[in-house]
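Worksheet: the structure to be examined is printed underneath.
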Amino acid sequence: MPEGHSVHRIARQFDQHFVGRRVAVSSPQGRFASGAAMIDGHEMIESRAVGKQLFLAFDSGLWMRVHLGLYGAWDFAGEVTVDATLASASGRMGQTNQRGTFLEAYEDSLHSIGAPRRTRLRMAESEQLEEPETEWPPPPIGQVRARLMTEATVADLRGPTACEVIDDAGVARALAKLGPDPLVDRGTAGQRRFVENVRTRSAPIGQLLMDQSVVAGIGNVYRAELLFRAGLSPFLPGRQVPTDVAKALWDDWAKLLKRGVETGQMLTIDGLRGEAYRRALAFRADRHWVYHRTGEPCRRCGTPIAMEIMAGRKLYWCPTCQPG
DNA sequence: TGCCCATGGTAAT
DNA sequence: TTACCCTGGGCAG
C-alpha cells in the first residue's frame, strides 16, 4: 500500500493535469455512482495530500476524499508527468526480470524526467509505466470505482478503502483525525505536535509511529526503517522517548518522505552509489535495513533481523542495533 | 490454477 | 484480537 510519499506523488499528478480543468466523473463499477454525480462536470480547484489521504476540491464546494488502503491504486492514462526515473525503470524491470534490460530502461528513463507525455502509469505502492493505449478514452479495465477524465488525461481508481464526496466540514473532520504531515505542517509546528503526541502516550513507539493520529503518512516500511535508523527499540513506551530523540525521529521522517516524493521509492539506506543505488531502485530486497528481512543478517552488525506481530502488523528490528 | 501474502483501516467481538 | 474489505504479485503444484 502506498505510504505517505505515494499519495503526495498522486496529488501532484492531479495538481498538474486536473486542477484548473473541468472533470468528467463517473463510476464504471457503480459503487461511486451517487458521489460521482455530485461532482461530475465541475472544475477541480485543488489537490491536497495529507498523510495517506487525498483530497480533491471542486468549484461546487465539494471534495472527493480517497484513501487507497491496502490494495487501492490510481491508473493514469493519456497526458501524465513521468519524473521518477526509478519508477519507470523498475516498472519495466518487473516485466522483463533481466538486469541488462533494467539498465537500458534506466538509461532510457533519464530522458523523460519531468516531461509530461502520453503513456499509462499505475500509481500505488510502487509505480509502473505501461504501454500507451491506442483507444481514447481507454475502456475501463476491471473494477473501476471512479473515473476522472479531462480532455487529455484519465485517472481510474480501483480498490480503495475510502472514496466519498464530502463538504468543508467533512474535510475538517477527516483532518482532525490526522497527526502532522511533514509536507503539510512545515517548520517546527509539526515537529512540536509530533513530540507531544509521542511523549504523552504509553504505547510503544513502534505502535505510535503507525498511529495516523500521532503522525500521518508512516506505514509499516517507514516505521521499521525509521526506528532502525534511530537505533531505537520499537518497544520503548512513547513517554520514555527522550525529547531530542523524538525530535530527531520527526526530522528523519521529513527527510525520508521528501526523498520518497522525489524518487517514488522508499529508499531508507543513505549514501548508495552506482550499482548499489540502481539495485536498490530495482529490487526491494536491496532497499531496506530491516523491513522484510526476518532472519537475514543485519547490514550493520550481522545479528539476525527479528520479527514479531505488534498490533496486528509485522514489526522488524535488529535486537543489537535497537536494544531495549 | 489456486493459495498466500501485502507498504491499511474499520467495525465487530 | 479477529473478520473483513478488495486487488495483484509471487509461488507451489
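In what follows, chains carry the letters A, B, and so on, assigned in the order in which the sequence lines appear, proteins first and then strands, with residues in each chain numbered from 1.
- In this entry the distance linking CG of A:L178 with P of B:dT10 reads 9 Å, nearest Å.
- Separation of the P atoms belonging to C:dG8 and B:dT10 is 23 Å when rounded to the nearest angstrom.
- A:F228 meets the ring pair (Phe, Tyr, Trp, His ring centres under 6.0 Å) test with A:W289; sequence neighbours excluded.
- Atoms CD1 (A:I309) and P (B:dG8) sit 14 Å apart, rounded to a whole Å.
- In this structure, A:R65 atom CZ and B:dT10 atom P are separated by 8 Å, rounded to whole Å.
- Among the candidates A:R120, A:Q128, A:R122, the single residue satisfying the side chain to side chain donor-acceptor pair (under 3.5 Å) test with A:D75 is A:R122.
- The distance from atom CE of A:M266 to atom P of B:dA6 is 14 Å, rounded to the nearest whole Å.
- Put simply, the side chain of A:T161 and the base of B:dG8 share a donor and an acceptor less than 3.5 Å apart.
- In this structure, the nucleotide among B:dG8, C:dT7, B:dA6 sitting nearest to the side chain of A:E3 is B:dG8.
- In the hydrophobic clustering, where aliphatic and aromatic side chains (Ile, Leu, Val, Met, Phe, Trp, Tyr) are joined below 4.5 Å either directly or transitively, A:L315 groups with A:F235, A:M310, A:W317.
- Listed nucleotides: C:dT7, B:dG9, C:dC5. Nearest to the side chain of A:K52: B:dG9.
- As rounded to whole Å, 10 Å separates atom C1' of B:dG9 from atom CD of A:Q53.
- Using a cutoff of 4.0 Å between basic side-chain nitrogens and carboxylate oxygens, A:R65 and A:E164 are scored as salt-bridged.
- If you look at A:F14 and A:F76, their ring centroids are closer than 6.0 Å.
- Contacts of residues 200-220 of chain A with DNA chain B (heavy atom under 4.0 Å): A:Q212, A:G219, A:N220.
- Rounded to an integer number of Å, the gap from NZ of A:K314 to P of B:dC4 is 13 Å.
- Of the side-chain N and O atoms in A:H67, none sit less than 4.0 angstrom from OP1 or OP2 of B:dG8.
- At a threshold of 4.5 Å between non-hydrogen side-chain atoms, the residues A:L272 and A:D270 do not count as touching.
- A:R313 comes within 4.0 angstrom of a base, heavy atoms only.
- A salt bridge links A:K258 with A:E262: the distance from a Lys NZ or Arg NE/NH1/NH2 to an Asp or Glu carboxylate oxygen falls below 4.0 Å.
- Straight-line distance from the CG atom of A:L157 to the P atom of C:dT7: 11 Å, rounded to whole Å.
- The phosphate of C:dG8 (OP1 or OP2) has a side-chain N or O of A:R122 nearer than 4.0 angstrom.
- Between the CD atom of A:E127 and the P atom of C:dG9 there is a distance of 15 Å, given to the nearest Å.
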